[in-house]
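Below you'll find the structure, written out as structure tokens, and then a few comments.
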Number of protein chains: 2
Amino acid sequence: MEDHMTTIKDIAKAAGTSVTTVSRALNGHSDVSAKTMKHIKEIADRLNYSPNVVARSLVMKKSKTIGLLVSEISREGTKDNFTFEVLCGINDCAAEYEYDPILFNTNTSKQRIKSYTQLCRERKVDGVILQGMKKDDPYLIEVVESDIPCVLIDIPITGKNVGYVSTNNQLGARRAIEHLVELGHQHIGFINGHEQAYVSEERFKGYKQAIQEAGLELREEWVVNGQFSERTAEFTAKKLLATYPQITALFCASDLMALGAVRAANSLGRKVPDSLSIVGFDDIVLAQYASPALTTISQNKYLMGYQAANMLIGLLEEKETNKSVLIENQLIVRESTAENKLKEWY
Amino acid sequence: MEDHMTTIKDIAKAAGTSVTTVSRALNGHSDVSAKTMKHIKEIADRLNYSPNVVARSLVMKKSKTIGLLVSEISREGTKDNFTFEVLCGINDCAAEYEYDPILFNTNTSKQRIKSYTQLCRERKVDGVILQGMKKDDPYLIEVVESDIPCVLIDIPITGKNVGYVSTNNQLGARRAIEHLVELGHQHIGFINGHEQAYVSEERFKGYKQAIQEAGLELREEWVVNGQFSERTAEFTAKKLLATYPQITALFCASDLMALGAVRAANSLGRKVPDSLSIVGFDDIVLAQYASPALTTISQNKYLMGYQAANMLIGLLEEKETNKSVLIENQLIVRESTAENKLKEWY
DNA sequence: TTGTACGCGTTATCAC
DNA sequence: GTGATAACGCGTACAA
């Protein structure tokens, strides 16, 4: 393989035309005669030409790339494949429209001085998708104020060039609680995520509504945060269950936390689902393989990613685009919930 | 936010110098006086300057990006997080050296006409990491012959600009078999992947060696392919076990296939591990949550990715770099293997 | 130490 | 239809 990359200049020389004509021919412009077009394309083929997108980007100010600012693409995020599924959806959609996703490095300490807009502008990405950011992330305001088109996952902000994709978290939480209520549970605790997550807010709203609609008493002390972490949730759930043994069911704002809660229950001698029902959220792959398999609110993570990319590309190509998408999620009943057999105790 | 991106030209104007000086100052060249350097940097700061890496790439012919050609970044690959963990490792290492990974789309049909080299050259990535390719992929040879630096994961090819990272598959397989032999198993089947995988070759070698060293008979008909697929493995394992009921242990070339094998066993009324022992490979997250939790050969997937990126960057920056890295893997004993209680039957 | 001039590969504007 | 020419933003011989 020769060292020299063939350029349109080479083609022009070989074809005996100007570079302008070559450029137009290769881009399928109509103002070039059929036969020179054919001629040029043949030569380009023969010379194994491929365009230099870098040069093209420079002049076009479009790079056909989208930036990905996602949390948890690092050692820790490996356990729950939420991020990965979202990524797959993004990638598939981007592929359809011939965009290439580029992963931004945001996790190194020295890199941290670079602002979000700097990252995007340096790489000249056409737009960005953000996932896993906290509500109080200092970059968030920067995002919205900048003119870089972006789509947020699970943060409901819209603007001229800003949209978001999320699932119906409130309804999802309600469905979880309703399921437990139907099983006869009346003392339902809630292991939420943390204050900086929009989804936690929403899921709490859903929890609250469902509890009240069922005519149950809302007890704030039964709602605790597990930081979306398995360990923290285990610890927190243990404390909660020890303090309020009358709780017969737990709703957890993530499957990972539900897994932690199951362990907490086990360590307290309470078997799931016989003496404690647990509902998770997300439907990660683990949920169906865990034992007991988790009853959970399933989020279509792949679709979230796909829709996010789709919206972003819509924004970029100035299509009529909805700036907010809410995906329905779904109750999946597995083995971690069962009828409350303890209700007569109270 | 203003629409105009500030360029070195703007800085030059503001500083009353030439663009050359600005360029040199910002890049920390030594041939610029301390005070103009300081002056220019201040102005750059004030103007919120960030370099246009596209323009820089064009002239430097280096983009500080690495291409990722990985299989299974699509809907199907979501279940086993192997790819994701590798990705995390790559990303973390790339971040350290300030490279940005860019995901290449290789899965769409129309895109398929573009060759790998075309993809790489168009995007002007400095190098590529390939993962999940089959041995007979027509593009593989193309990559190796091209002058684009690349690192292969699990394909042992080296060259001037080509290296690879893998784990010690042969030894891993041996350890699996030795473990089973120690438990008293003498009839050990093997659900391998497929012919196009280098790792399958190696694992078969290891299987063969260990079987022979244990003084057992190597029966080729006990070795079948499960295509690395859970379903196929389930089907295949069922047939194998039905045909040769004397088999008391199964070694599977992936955890996903081991999961399939467990189901096959269940459907045949053989309980794991009591009446059938199963060893997997990979140690995916599912392995520890499945029931029974899988005994498996653990591969450090994160490290594979990290080392691959590290090697590639070494290649790019012309460091003295080892062109082949073999990572040790490890037997993890969980619940899917047990002492053979059936041995007296034969 | 600093500035001038040019090139990287491409597209776009305007003539012809 | 086609071809000069300028521009995109940056780095670097070379000259001063």
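Here is how names work: the chains are called A, B, and so on, in the same order as the sequence lines, proteins then strands, and each is numbered from 1.
Remark: P of C:dG9 and CG of A:D10 are 9 Å apart, rounded to the nearest angstrom. Rounded to whole angstrom, the span from the CD1 atom of B:I40 across to the P atom of C:dT1 amounts to 13 Å. The distance from atom OH of A:Y49 to atom P of C:dG9 is 10 Å, rounded to the nearest whole Å. In this structure, B:R24 atom CZ and C:dT4 atom C1' are separated by 11 Å, rounded to whole Å. The distance from atom CE of B:M60 to atom P of C:dG7 is 19 Å, rounded to the nearest whole Å. A straight line from CG of A:N52 to P of C:dG7 spans 17 Å, rounded to a whole angstrom. Distance CD1 (A:I8) to C1' (C:dA12): 12 Å, rounded to an integer number of Å. When the P atom of C:dA12 is taken as reference, atom CG of A:N27 falls 8 Å away, rounded to whole Å.
Remark: the backbone N or O of A:K323 is not paired with any side-chain donor or acceptor of A:T321 at under 3.5 angstrom. Of the possible donor and acceptor atoms, one in the side chain of A:N52 sits under 3.5 Å from a partner among the backbone N and O of A:V54.
On the nucleic acid side, DNA chain D has its first and last nucleotide under 4.0 Å of a heavy atom of chain A at D:dG1 to D:dG9, going 5' to 3'.
Using a cutoff of 4.0 Å between basic side-chain nitrogens and carboxylate oxygens, B:R46 and B:E42 are not scored as salt-bridged.
Distance from the side chain of A:H29 is smallest to C:dA12 among C:dG9, C:dA12, C:dG3.
Contact between the side-chain N/O atoms of A:R56 and the OP1/OP2 oxygens of C:dG9 is not found at any separation under 4.0 Å. Between A:S23 and C:dT11, a side-chain N or O to OP1/OP2 separation shorter than 4.0 Å is present. One finds a side-chain N or O of A:K9 lying less than 4.0 angstrom from the OP1 or OP2 phosphate oxygen of C:dC8. Residue B:T21 has a polar side-chain atom (N or O) positioned under 4.0 Å from OP1 or OP2 of C:dG3.
Of the two residues contacting DNA chain C, namely B:K124 and B:G16, the nearest-nucleotide position lying further toward the 5' end is that of B:G16.
B:V59 comes within 4.0 angstrom of a nucleotide base, judged by non-hydrogen atoms across all strands. Looking at heavy-atom distances under 4.0 Å, B:D31 makes contact with a base. Residue contacts shown for B:S57 are absent, as no nucleic acid heavy atom lies under 4.0 Å away.
With hydrogens and angles ignored, a donor-acceptor pair closer than 3.5 Å exists between the side chain of B:T20 and the base of C:dT4.
At least one test fails for B:K135 against the ring of B:Y198: distance under 6.0 Å to the centre or angle within 45° of the axis.
Going from atom CG of A:L312 over to atom CD1 of A:I90 covers 9.0 Å, rounded to the nearest 0.5 Å.
Each end of the helix from C:dT1-D:dA16 to C:dC16-D:dG1 gets its own axis, taken as the rotation carrying the C1' atoms of four end pairs onto the next four within a five-pair window, and the two axes meet at 40° to the nearest 10 degrees.
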List, one per line, each side-chain donor-acceptor pair under 3.5 Å for residues 15-24 of chain B, sequence neighbours excluded.
residue, atom, partner, partner atom, Å
B:S18, OG, B:T20, N, 3.4
B:S18, OG, B:T21, N, 3.4
B:S18, OG, B:T21, OG1, 3.2

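Side chains of B:D100 and B:T65: a donor-acceptor N/O pair is absent below 3.5 angstrom, by distance only.
Enclosure of atom NZ in A:K319 by more than 12 non-hydrogen atoms of other residues, nucleotides or ligands within 6.0 angstrom is indicated.
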